[in-house]
Amino acid sequence: MSDPAYDLVVIGAGPGGYVAAIRAAQLGSKVACVDKRATLGGTCLNVGCIPSKALLHSSERYSEAKRGLAAHGIRFSNVELDLDAMMQRKQKIVADLAKGVDFLLEKNKVDRVVGTAQIRAPGEVSVSLSDGASTSLTARNILIATGSEPATLAGVEIDEKRIVSSTGALSLSNVPGRMIVIGAGVIGLELGSVWSRLGAEVTFVEYLDHILPGMDGEISRQAQRVFKRQGLGFRLSQKVTRANGTGQGIELSVEPVNGGKADELSADCVLLAIGRRPYTDGLGLDELGVTRDSRGFIEVDARFETRVPGIFAIGDCIPGPMLAHKAEEEGSICAEILAGQTGHIDYDRVPAVVYTWPEIASVGKTEEALQEQGVAYKVGRFPFSANSRGRAVGATDGFVKILADAATDRVLGVHILGPLAGDLISEAVIAMEFGAAAEDIARTCHAHPSMGEALREAALAVAGRAIHI
Ligand SMILES: Cc1cc2nc3c(=O)[nH]c(=O)nc-3n(C[C@H](O)[C@H](O)[C@H](O)COP(=O)(O)OP(=O)(O)OC[C@H]3O[C@@H](n4cnc5c(N)ncnc54)[C@H](O)[C@@H]3O)c2cc1C
């Protein structure tokens with residue numbers, strides 16, 4: 001048999017796939033990267049992280065201009081929303097970054113193939129091209145990085161106009177009068193915040209009795225209070241059983257989860273944001289013997305190899321947090337393992353960020369997880385209302401919370417609700433990667449005045465010796 005054309009064929013050019021392709025090429029492999037989308041970057045760049053953050057930033061500026069600047073002594077009238085311009089800005093950011101990924105693949109001599117891939121056999125990928133033709137790629141190894149898609153709910157039919165997924169919610173052509181968001185998780189809260197700031201009356205219907213499942217309970221409760229003050233409405237412990245389009249809008253049937261009287265809600269737009277599920281359709285996995293768990297995630301070993309030798313998988317389509325940086329880490333590590341190096345990812349050191357205002361960020365164990373595991377811990381907290389930079393910029397909501405081992409003082413988890421939480425968390429991740437004790441953070445000099453000082457003060461508070469509170 002002749003040598004395969006490629007060392008590695010990557011299926012999917014999201015943050016997992018394209019990073020794996022580049023890293024493998026850097027390490028000397030001949031690589032092809034296939035994606036059915038015409039633009040690179042996957043969910044994250046096209047309909048996820050980047051467009052949502054562009055809209056969050058624009059809507060925050062709008063809401064600040066409308067409500068927030070008088071306190072700074074800046075007054076103006078006639079603040080107007082140009083939604084088309086806001087959407088065009090978002091699209092340009094996406095297009096420019098996608099061109100950047102194109103450039104990176106070219107620079108690293110990764111062959112790019114636009115089409116839908118199917119694995120015919122280990123070492124053989126067939127690709128249906130957009131013009132109807134097909135091509136076959138042979139490879140020593142195949143990496144599946146096909147990501148995820150929005151989860152659906154029986155009785156709620158997405159049309160991406162009035163009942164939308166996150167994809168539709170990134171491109172509405174008008175600000176809805178009333179919007180109902182089904183699911184108060186990260187994506188729902190971010191996109192609900194966007195449309196609320198732009199003028200919609202937004203209500204969340206959440207199955208659980210709290211928002212932000214998986215986050216530290218104290219942070220989630222405090223965040224809900226702040227969001228309520230911003231005008232967001234919450235109906236917790238309720239489930240949506242049906243959504244029907246009417247001439248006027250959408251009628252939703254909701255029921256208390258624990259039984260009780262059903263209710264009808266009406267809205268102009270419904271955003272279904274109950275999570276995402278792995279996307280592995282059409283790859284031919286069952287025929288190959290690649291196994292998936294009960295939730296559809298591809299099963300892999302510590303080397304990201306599936307049950308079938310030579311077929312690997314990373315990112316949203318395997319178990320673990322569904323985050324772009326987790327997919328990237330796995331992509332790099334998998335490429336390094338294929339090149340004969342070693343590598344591993346510590347999922348306890350993968351940060352998670354919610355880009356609302358204020359932001360929410362966390363890494364490591366929550367207080368609930370430590371209690372469940374019976375770990376003795378100490379807590380240090382510090383509020384942004386006592387942080388001088390927070391005061392200076394008028395961002396005083398929220399706090400930093402550090403959880404440290406009661407015996408060793410080692411940092412076990414850091415949770416932040418507050419300004420720049422998404423950037424501040426990197427310091428906590430590095431500290432934890434180096435096995436820091438709370439005292440190590442407390443004894444590290446932080447610039448004044450900075451939000452980072454709140455992290456240091458929380459570390460001091462672990463030993464009961466915060467200075468500024
Ligand atoms: C609204 C929204 C906001 C988000 N915000 C954040 C955030 O702020 N931070 C964060 O970390 N994460 C965020 N995420 C999650 C993030 O987008 C995903 O975790 C990340 O994109 C997963 O990367 P991936 O490479 O595994 O898959 P994806 O990015 O989903 O890429 C998979 C690619 O595979 C392609 N593909 C699938 N099947 C085939 C096939 N058979 N043939 C060829 N190509 C195929 C798809 O077209 C797609 O381009 C957000 C998601 C959404 C929806």
Side-chain angles (χ1 to χ4, degrees), residues 9-21 32-57 90 94 98 101 112-119 125-130 134 137 142-151 164-171 181 183 185-194 271-285 297-298 304 313-332 334 350-356 359-361 422 425:
V9 168
V10 181
I11 306 175
Y18 85 72
V19 168
C33 185
V34 189
D35 201 297
K36 56 186 180 182
R37 268 200 181 90
T39 48
L40 296 167
T43 304
C44 170
L45 179 46
N46 290 282
V47 290
C49 323
I50 302 304
S52 60
K53 266 80 255 178
L55 289 183
L56 278 157
H57 188 76
K90 173 205 71 173
V94 169
V101 182
R112 191 187 156 198
V113 183
V114 182
T116 304
Q118 186 180 5
I119 307 173
V125 175
S126 77
V127 185
S128 310
L129 306 169
S130 51
S134 70
L137 309 171
I142 296 168
L143 176 60
I144 303 170
T146 50
S148 60
E149 61 177 353
V164 295
S165 69
S166 55
T167 302
L170 289 166
S171 297
V181 183
V186 180
I187 292 176
L189 283 167
E190 289 188 354
L191 294 176
S193 292
V194 166
L271 163 58
L272 182 64
I274 55 167
R276 295 180 64 80
R277 62 182 181 202
Y279 183 79
T280 53
D281 287 0
L283 285 170
L285 299 187
F297 291 99
I298 297 174
F304 303 104
I314 54 152
D316 274 12
C317 64
I318 68 167
M322 296 172 103
L323 293 167
H325 42 282
K326 176 260 195 187
E328 279 186 45
E329 285 299 303
E330 290 177 342
S332 290
C334 185
V350 175
V353 180
V354 190
Y355 293 86
T356 45
E359 292 180 354
I360 303 162
I425 202 70

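Keep in mind it's a predicted model, so treat the numbers as computed, not measured. Order of listing sets the numbers, starting from 1, for every ligand and every atom in it.
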Engineer: Can you tell which of Thr280, Val19, Ile11, Thr43 gets a heavy atom nearest to atom 30 (O) of ligand 1?
Structural biologist: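 When every heavy atom of Thr280, Val19, Ile11, Thr43 is considered, Thr43 comes closest to atom 30 (O) of ligand 1.
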Engineer: Heavy atom under 4.0 Å from ligand 1: found in Pro150's side chain, backbone, both, or neither?
Structural biologist: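 Neither; nothing of Pro150 gets under 4.0 Å from ligand 1.
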Engineer: Taking the non-hydrogen atoms of Lys326, is any one of them nearer than 4.0 angstrom to ligand 1?
Structural biologist: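 Distance cut 4.0 Å: Lys326 fails for ligand 1.
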Engineer: Short list, please: which atoms of ligand 1 are under 4.0 Å from a heavy atom of Leu283?
Structural biologist: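 With Leu283 as reference, the close atoms of ligand 1 come out as 41 (N).
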Engineer: For Ser52, which part has a heavy atom under 4.0 Å from ligand 1: side chain, backbone, both, or neither?
Structural biologist: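 Just the side chain.
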Engineer: Does any non-hydrogen side-chain atom of Leu40 lie less than 4.5 Å from one of Tyr18?
Structural biologist: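 The answer is no, as the side chains (C-beta and beyond) never meet within the 4.5 Å cut-off.
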Engineer: Are side-chain heavy atoms of Asn46 and Val94 found at a separation under 4.5 Å?
Structural biologist: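 Touching, per the 4.5 Å side-chain cut-off.
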Engineer: Using a 4.0 Å cutoff against the non-hydrogen atoms of Tyr279, which atoms of ligand 1 qualify?
Structural biologist: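 Result: 37 (C), 38 (N).
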Engineer: Quick one: are Ser128 and Gln118 in side-chain contact, heavy atoms under 4.5 Å?
Structural biologist: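 A side-chain contact under 4.5 Å is absent here.
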Engineer: Give the residue and atom name of whichever protein heavy atom lies nearest to atom 10 (C) of ligand 1, and the separation in Å to one decimal.
Structural biologist: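 Closest protein heavy atom to atom 10 (C) of ligand 1: Ala324 N, 3.5 Å.
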Engineer: Please state which protein non-hydrogen atom is closest to atom 42 (N) of ligand 1 and give its distance, to 0.1 Å?
Structural biologist: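 Checked against all protein heavy atoms, atom 42 (N) of ligand 1 sits closest to Ala117 N, 2.8 Å.
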Engineer: Between Cys33 and Gly12, which heavy-atom pair has the shortest distance, and what is it?
Structural biologist: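 Smallest interatomic distance, heavy atoms only, reads SG-O, 3.8 Å.
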Engineer: Hey, looking at atom 27 (O) of ligand 1, which of Gly147, Gly315, Ser165, Ser148 has the closest heavy atom?
Structural biologist: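 Shortest heavy-atom distance from atom 27 (O) of ligand 1: Gly147.
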Engineer: Would you indicate which of Cys33, Cys49, Ala327 comes nearest to atom 13 (C) of ligand 1 when only heavy atoms are counted?
Structural biologist: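 Looking at heavy atoms only, Cys49 sits closest to atom 13 (C) of ligand 1.
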Engineer: Evaluate side-chain contact (heavy atoms from CB on, under 4.5 Å) for Ile142 paired with Val125, printing each intermediate quantity in order.
Structural biologist: CA-CA 8 Å; Ile142 296 168; Val125 175; 3.6 Å; yes
Engineer: Quick one: which of Glu328, Glu330, Glu329 gives a salt bridge (Lys or Arg N to Asp or Glu O under 4.0 Å) with Lys326?
Structural biologist: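 Output: one option passes, namely Glu330.
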Engineer: Please state which protein non-hydrogen atom is closest to atom 46 (C) of ligand 1 and give its distance, to 0.1 Å?
Structural biologist: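 Ranking protein heavy atoms by distance from atom 46 (C) of ligand 1, first comes Asp35 OD1, 3.6 Å.
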Engineer: Going by heavy atoms in the side chains, are Leu283 and Ile144 under 4.5 Å from each other?
Structural biologist: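 Yes, side chains in contact.
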Engineer: For atom 8 (O) of ligand 1, what is the nearest protein heavy atom, given as residue, atom name and distance?
Structural biologist: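 Protein heavy atom with the smallest distance to atom 8 (O) of ligand 1: Lys53 NZ, 2.7 Å.
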Engineer: Any N/O of Val47 closer than 3.5 Å to an N/O of ligand 1?
Structural biologist: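 The answer is no, given that Val47 and ligand 1 share no N or O pair closer than 3.5 Å.
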Engineer: How far is atom 15 (C) of ligand 1 from its nearest protein heavy atom, and which residue and atom name does that atom have?
Structural biologist: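 Going atom by atom, the protein heavy atom closest to atom 15 (C) of ligand 1 ends up being Met322 O, 3.8 Å.
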Engineer: Please give me the minimum heavy-atom distance between Pro351 and Ile425, naming the atom from each residue.
Structural biologist: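 In terms of heavy atoms, the two residues are closest at CB-CG2, 4.0 Å.
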Engineer: Are any non-hydrogen side-chain atoms of Leu129 and Val113 less than 4.5 angstrom apart?
Structural biologist: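 They are in contact (side-chain heavy atoms under 4.5 Å apart), so the answer is yes.
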Engineer: Measure Val127 to ligand 1 on non-hydrogen atoms and call it side chain, backbone, both or neither using the 4.0 Å cut-off.
Structural biologist: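 None of Val127 does.
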Engineer: Any nitrogen or oxygen of Glu190 lying under 3.5 Å from a nitrogen or oxygen in ligand 1? Just yes or no.
Structural biologist: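 There is no such contact.
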Engineer: Looking at ligand 1, would Gly282 count as a contact under a 4.0 Å heavy-atom criterion?
Structural biologist: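 It does not; every heavy atom stays at 4.0 Å or beyond.
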Engineer: Taking it one step at a time, do Leu170 and Ser52 satisfy side-chain contact (heavy atoms from CB on, under 4.5 Å)?
Structural biologist: CA-CA 7 Å; Leu170 289 166; Ser52 60; 3.9 Å; yes
Engineer: How far is atom 31 (O) of ligand 1 from its nearest protein heavy atom, and which residue and atom name does that atom have?
Structural biologist: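 For atom 31 (O) of ligand 1, the nearest protein heavy atom comes out as Gly14 CA, 3.5 Å.
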Engineer: Closest heavy-atom contact between Lys53 and Glu190?
Structural biologist: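 Closest approach of Lys53 to Glu190, heavy atoms only: NZ-OE1, 2.7 Å.
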Engineer: Tell me the protein heavy atom at minimum distance from atom 44 (N) of ligand 1, and give that distance in Å.
Structural biologist: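 Closest protein heavy atom to atom 44 (N) of ligand 1: Lys36 N, 3.1 Å.
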Engineer: For ligand 1, which atoms sit closer than 4.0 Å to a heavy atom of Tyr355?
Structural biologist: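 Close to Tyr355: 8 (O).
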Engineer: Looking only at atom types and distance, does a side-chain atom of Ser171 sit under 3.5 Å from a main-chain N or O of Gly168, one as donor and one as acceptor?
Structural biologist: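 Answer holds: no.
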Engineer: So between Gly12, Pro321, Ser128, Ala145, whose heavy atom ends up nearest atom 32 (C) of ligand 1?
Structural biologist: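 Considering heavy atoms of Gly12, Pro321, Ser128, Ala145, the nearest to atom 32 (C) of ligand 1 sits in Ala145.
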Engineer: What's the shortest distance from atom 53 (C) of ligand 1 to any protein heavy atom, and which residue and atom give it?
Structural biologist: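 Closest protein heavy atom to atom 53 (C) of ligand 1: Arg276 NH1, 3.4 Å.
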Engineer: Quick test of your reading of the structure: of Gly17, Gly115, Gly48, whose heavy atom lies closest to atom 2 (C) of ligand 1?
Structural biologist: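 The residue whose heavy atom sits nearest atom 2 (C) of ligand 1 is Gly48.
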Engineer: Applying side-chain contact (heavy atoms from CB on, under 4.5 Å) between Val101 and each of Thr39, Leu45, Val19, report the one that passes.
Structural biologist: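 Exactly one option meets the side-chain contact (heavy atoms from CB on, under 4.5 Å) with Val101, and it is Leu45.
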Engineer: Enumerate the atoms of ligand 1 whose separation from the nearest heavy atom of Thr146 is less than 4.0 angstrom.
Structural biologist: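 In order of number, 32 (C), 34 (O), 37 (C), 38 (N), 39 (C).
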Engineer: Could you pull out, from Asn46, Asp316, Thr116, Leu56, the option with a heavy atom nearest to atom 19 (O) of ligand 1?
Structural biologist: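 Heavy atom nearest to atom 19 (O) of ligand 1 belongs to Asp316.
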Engineer: For atom 25 (O) of ligand 1, which candidate among Gly16, Gly188, Ala13, Ala20 provides the closest heavy atom?
Structural biologist: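 The nearest heavy atom belongs to Gly16.
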Engineer: Testing the basics here: between Ala20 and Ile314, what is the closest heavy-atom pair and its distance to 0.1 Å?
Structural biologist: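 It is CB-CD1, 4.4 Å.
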Engineer: Using the rule given for side-chain contact (heavy atoms from CB on, under 4.5 Å), can you reason through Leu191 versus Val181, listing the C-alpha separation, both sets of side-chain angles and the distance that settles it, and then say yes or no?
Structural biologist: CA-CA 9 Å; Leu191 294 176; Val181 183; over 6 Å; no
Engineer: Under 4.0 Å from any heavy atom of Cys44, which atoms of ligand 1 are there?
Structural biologist: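 Answer for ligand 1: 17 (O), 21 (O), 29 (O).
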Engineer: Would you mind telling me if ligand 1 is within reach of the side chain of Gln118, the backbone, both or neither, using heavy atoms under 4.0 Å?
Structural biologist: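 For Gln118, no heavy atom sits under 4.0 Å from ligand 1.
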Engineer: In the structure I gave you, are the side-chain heavy atoms of Ile119 and Ile11 within less than 4.5 Å of one another anywhere?
Structural biologist: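 With C-beta onward as the side chain, the pair touches.
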